[in-house]
Every structure is written in C-alpha cells, then in structure tokens.
Amino acid sequence: MDAIKIIESTSVKKELPQFSIGDTVRVGVRIREGKNERVQMFEGTVIAFKGTGISKTFTVRRISYGVGVERVFPMNSANIDSVQVVRRGKVRRAKLYYLRDRVGKAARVKEDI
C-alpha cells in the first residue's frame, strides 16, 4: 500500500481550477479520430466526486436533446485538455444524484453569489 502512495506522490499532477459539487463546468476532452485530434467541449453540472489521490474522478451531467447524459472524468487523465468553471453552484449535498429525477427548471442548481 505504501508503494502505491509513493507512486501517486511522484506522479505528474495536472493543474485544474478549484471546482466543487454543483458548479457548472466546461471540460475540454481530446478526441482522436484516426490521425486527427480535436478538443470537444462537454458542459454540465458536477454531481459527484469519487476516489482519492491519483484515481479521483468527477461526474458531469447535462441534458442533451431532452436526454440526461453523464460522463465520468478521471482528474489526472491525459485526455482532459482543460476545465473551465462557468458558474458556481450553491448546494448542501455531497452528491447530487437527485437531479436525475428532475426535469426542466427543477433540475437547476442555485448560483452562489
């Protein structure tokens, strides 16, 4: 177990902005199509953080054409190009799984001013 922690501490960490649960973020994801590589933006609300250290992940949810889409991103992934915080959310929960059952305006998170 100590060997894993040593490897985690020496590994290269990405500089990501501080964001938390309820924030609306825009994640730039590198997409490879054959020889070409492009950056695709995925914008949505952060509904969960999981794990610790090098295996930490965050889940982003958005509504696309009336269907809820969730993506799980590893914090230290090489495929993440950038993370921009669009707006800060004011929430009182660590996981926002209840947003899955809500539609329309009820699925919004209040903005933290």
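Atoms considered below: every heavy atom in the structure, side chains included; atoms not considered: hydrogens, waters and symmetry mates.
- Take Gln18 and apply the side chain to side chain contact (heavy atoms under 4.5 Å, CB included) test, not counting sequence neighbours, and it matches no residue.
- Cluster membership check: Val25 shares its hydrophobic cluster with Phe42, using side-chain heavy-atom separations under 4.5 Å among Ile, Leu, Val, Met, Phe, Trp and Tyr.
- Nearest heavy-atom pair, Val69 versus Ser64, reported as atom, atom and distance to 0.1 Å: CG2-CB, 3.9 Å.
- Of the options Val72, Ile21, Val46, Leu96, a side chain to side chain contact (heavy atoms under 4.5 Å, CB included) to Thr59 is made by Val72 and by none of the others.
- Shown here are the salt bridge (Lys or Arg N to Asp or Glu O under 4.0 Å) partners of Arg38, two or more places apart in sequence or in another chain: Glu33.
- Under the 4.5 Å side-chain heavy-atom criterion for grouping Ile, Leu, Val, Met, Phe, Trp and Tyr, Ile47 is connected to Ile80 within one hydrophobic cluster.
- Between Phe19 and Phe49, the ring-plane angle classifies as tilted under the 30° and 60° cut-offs.
- Within 6.0 Å of CZ in Arg93 there are 12 or fewer heavy atoms belonging to other residues, nucleotides or ligands.
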Would you give me the side-chain donor-acceptor pairs under 3.5 Å for residues 97-113, sequence neighbours excluded?
{"from": "Arg100", "atom 1": "NE", "to": "Glu70", "atom 2": "OE2", "distance (Å)": "2.8"}
{"from": "Arg100", "atom 1": "NH2", "to": "Glu70", "atom 2": "OE1", "distance (Å)": "3.1"}

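- Under the 4.5 Å side-chain contact rule for hydrophobic residues, Phe73 and Ile31 share a cluster.
- Annotation: salt bridge (Lys or Arg N to Asp or Glu O under 4.0 Å) contacts of Arg92 (sequence neighbours excluded): none.
- Qualifying side chain to side chain contact (heavy atoms under 4.5 Å, CB included) partners for Arg26, counting only residues two or more places apart in sequence or in other chains: Met41, Glu43, Gln84, Val86.
- In this structure, Lys95 places its NZ atom where more than 12 heavy-atom neighbours from other residues, nucleotides or ligands lie under 6.0 Å away.
- For the side chain to side chain contact (heavy atoms under 4.5 Å, CB included) test, no residue two or more places apart in sequence or in another chain qualifies with Val67.
- One finds the CG atom of Leu16 at 10.0 Å from the OG atom of Ser77 (value rounded to the nearest 0.5 Å).
- When side chains are defined from C-beta on, Val29 does not count as touching Val39, because their heavy atoms never get closer than 4.5 Å.
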> Checking side-chain contact (heavy atoms from CB on, under 4.5 Å) for the pair Lys56/Asn76: CA distance, chi angles, key distance, verdict?
Replying inline: CA-CA 8 Å; Lys56 188 171 184 177; Asn76 298 303; 5.7 Å; no
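- Taking the salt bridge (Lys or Arg N to Asp or Glu O under 4.0 Å) definition, one finds that Arg88 meets it with Asp23, sequence neighbours left out.
- Sorted by first then second residue, the salt bridge (Lys or Arg N to Asp or Glu O under 4.0 Å) pairs that include residues 73-83, not counting sequence neighbours, are Arg30-Asp81.
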